[in-house]
2 protein chains.
Amino acid sequence: MAGTTPRLRADARRNRDLIVTAAQRLFLEQGIDVPLDEVARQAGVGIGTLYRRFPDRDALLRAVAEDTLRRLADLVEAARREEPDAWHALCRFLRSCAELRLGELAARLDPHLHRQMRTGQDLDEIRQRVIATVLELAARAQADGALRADAGPLDIAMLMTLHVYAPANVSGDQAMRRMVDIMLDGLRAGGGAVLPGAPSTDVDLRRYTAVEP
Amino acid sequence: MAGTTPRLRADARRNRDLIVTAAQRLFLEQGIDVPLDEVARQAGVGIGTLYRRFPDRDALLRAVAEDTLRRLADLVEAARREEPDAWHALCRFLRSCAELRLGELAARLDPHLHRQMRTGQDLDEIRQRVIATVLELAARAQADGALRADAGPLDIAMLMTLHVYAPANVSGDQAMRRMVDIMLDGLRAGGGAVLPGAPSTDVDLRRYTAVEP
DNA sequence: CATAACCGGATGAAATTACTCCGCTTTGTT
DNA sequence: AACAAAGCGGAGTAATTTCATCCGGTTATG
C-alpha cells in the first residue's frame, strides 16, 4: 500500500469505493464467491473497471477486508473515546458492529486471506488494534463489576461474529440488535449461569476476536 | 411421500441415508449450492446413485428439509415429554438444536422450498408441530415466571437459527453452546433490558420459528 | 440360482465465470 | 481551450464448473 498508488483520479477513486461497498454487501448477502460480474453490476460500473482496479478476486477480497477492519477499528475506538463508562462503550460497539455485520464479514473473509500472505501485515496491524481496544474495554467493564466475571474475551469475540436468520418481515438489523441486547443482558453481572457449561475463559485469549487469526 | 416408495432394497435405503446425511453436513459447511458430485463423493456413493434417488437438486433439498424438520420435532417433543419443567425443557431443546445446527439448516433451506409447492404439505405439517410445541413451552415457562415477560416467540425463533463463527481451535459445537447459554441467561426472568430496543413481541407470532414461512 | 434392482463412474452437453481488448469519454493541466 | 493521460464500459472469448445420462458390471432377495 506504499508507492503503488501515486494518486487516483477523482472518478476512479469514486468507482473504487462503489465497488468495495457493493462487494461488502454482496459478500454478506450471497457469500464471498459471488461472480465478479455481479459485483460490478451492483456497483454500477463496467466489469472492465473492476478488473482494472482489482486484478483478481483476491485483490478485491483484501480491499474489502481492509475497509472492514478499518471501520471496525473506527467504531471501537470512537466508542472508547466518547463513552466514559466501559460497559456502555462495549455495548455501543457490539451493537453497531452487529447492525453493520462487520464482525461477521471479517470472520468470513479471514480464512481466505491467509492463502495470500502479502499485504497481510497492514491488515494485521489494524486487527491488533481492534483486539487490544476491545479487550481493554472488556477488562475495564469487568473491573467495574458490570461485566460478569466468568465472561471471557471469547464471548466478546463470538458476540461480534454473531448471525441470525431474521424471520420474514423483520429486518436483519432489528434481529441482530435484539440478539445482541439479549446477550448483553446475559453477560451482565448479577445473573447466574443457566446451565453448567464451561465459562470458556480458560482458553488462550489474545487469539480470539472478530477476525480470527 | 405416499405410494411413491413401495419399498427400498436394504442397500438402497442405506445409501439414501448416507446421501441425505452428507448433504446435510455439506449444506451447512458450504451452502446449499454445493455441487452434487461433492455430495455423492462425501457420501461415498457414485454420482449415478444420487441422481437415481433424487432426480434433481430440489428433490434432495426437500429430502434434507424433511429429515431436518423431523429431527427438530423429535428433539422438541422429547424435551417436552421428558422434562417436567417447561423452562428446562426449552433450554434443553434450544441447546441441542444449536449444537446440531438444525434450526440454522432449516432456516437456510426454507426459502428454496417455496419455489416448489408440491410435497410442501407434508413438511408444513411437521413444521406446525414444531412451532406449536415450542410456543407451548415458552408460554408455560413464562407463566412459571422463568422466562422474561418481555421475551417473545420471535426471540425463541432467532435463538433457534443462531450462528456464530467459532474462533480457531474452538469447535462450532462449543461455541454454539456457549452462545445459547448466555442468551438463555439473558432471557431468564430477573434481568432488566440493557438497552431500550423494542421487545419485539408485538409481531404476529405463529409465523416465526426455526423455519420461517 | 435367477433376476430384478441397484451401483458406479466415464462421458458429453450446458451453463457459469473469469478475464481481455479496444474504441470512446472524462479529468486535470498548461 | 485544448491536449495528453488516465479511465471507462461491455462485447466477446476462453476456461472451468456443474449437470445429467447411460450402460456394463454387481449385489440383494425369493
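So that the names make sense, note that chain A is the first sequence line, chain B the second, and so on, each numbered from 1.
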Considering only distance and modelled atom types, tabulate donor-acceptor pairs under 3.5 Å from the side chains of residues 131-139 of chain B, sequence neighbours left out.
from, atom 1, to, atom 2, distance (Å)
B:Thr133, OG1, B:Arg129, O, 2.8
B:Glu136, OE1, B:Arg80, NH1, 3.0
B:Glu136, OE2, B:Arg140, NH1, 2.9

Donor-acceptor pairs under 3.5 angstrom involving side-chain atoms of residues 25-35 of chain A: please list them, not counting sequence neighbours.
from, atom 1, to, atom 2, distance (Å)
A:Arg25, NH1, A:Gln42, OE1, 3.2

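Place B:Arg57 and B:Ala10 on DNA chain D by their nearest nucleotides, and B:Arg57 ends up nearer the 5' end.
Taking B:Arg13 as the reference, B:Asp17 meet the salt bridge (charged side-chain N to carboxylate O under 4.0 Å, His left out) condition, with sequence neighbours excluded. By the side chain to side chain contact (heavy atoms under 4.5 Å, CB included) test, A:Arg71 is found to be paired with A:Gln24, A:Asp67, A:Leu100, A:Leu102, residues two or more places apart in sequence or in another chain being considered. By the side chain to side chain contact (heavy atoms under 4.5 Å, CB included) test, B:Ala175 pairs with A:Met158, B:Val164, B:Ala166, B:Val170, sequence neighbours left out. B:Ala43 meets the side chain to side chain contact (heavy atoms under 4.5 Å, CB included) test with B:Leu18, B:Ile19, B:Ala22, B:Val45; sequence neighbours excluded. Among residues two or more places apart in sequence or in another chain, the salt bridge (charged side-chain N to carboxylate O under 4.0 Å, His left out) test is passed with B:Asp173 by none. In this structure A:Arg9 satisfies the side chain to side chain contact (heavy atoms under 4.5 Å, CB included) test together with A:Asp11, A:Ala12, sequence neighbours excluded.
Side-chain atoms of A:Arg53 and A:Leu8, non-hydrogen and from C-beta on, do get closer than 4.5 Å to each other. Side-chain contact between B:Leu105 and B:Val64: present, with at least one pair of heavy atoms (C-beta onward) separated by less than 4.5 Å. Annotation: side chain of A:Arg52 is in contact with side chain of A:Thr49 (closest heavy-atom distance under 4.5 Å). Annotation: side chain of B:Met160 is in contact with side chain of B:Phe93 (closest heavy-atom distance under 4.5 Å).
For the segment residues 22-38 of chain B, residues with any heavy atom less than 4.0 angstrom from an atom of DNA chain D are, sorted by number, B:Pro35, B:Leu36, B:Asp37.
Of all nucleotides in DNA chain D, those with any atom nearer than 4.0 Å to a heavy atom of chain B start and finish, going 5' to 3', at D:dT18 to D:dT29.
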Base-pair string, DNA chain D, Watson-Crick plus G-U, cut-off 3.5 Å on both distances, | for inter-strand, is ||||||||||||||||||||||||||||||

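Summarising the geometry, the separation between OH on B:Tyr51 and C1' on C:dA13 is reported as 13 Å, rounded to the nearest angstrom.
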Which parts of nucleotides 3-9 of chain C does protein reach within less than 4.0 Å, heavy atoms only, written one letter per nucleotide 5' to 3' as B for base, S for sugar-phosphate only and - for none? --BSBBB

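For A:Asp110 (side chain) and A:Ala107 (main-chain N/O), no donor-acceptor pair under 3.5 Å exists by modelled atom type.
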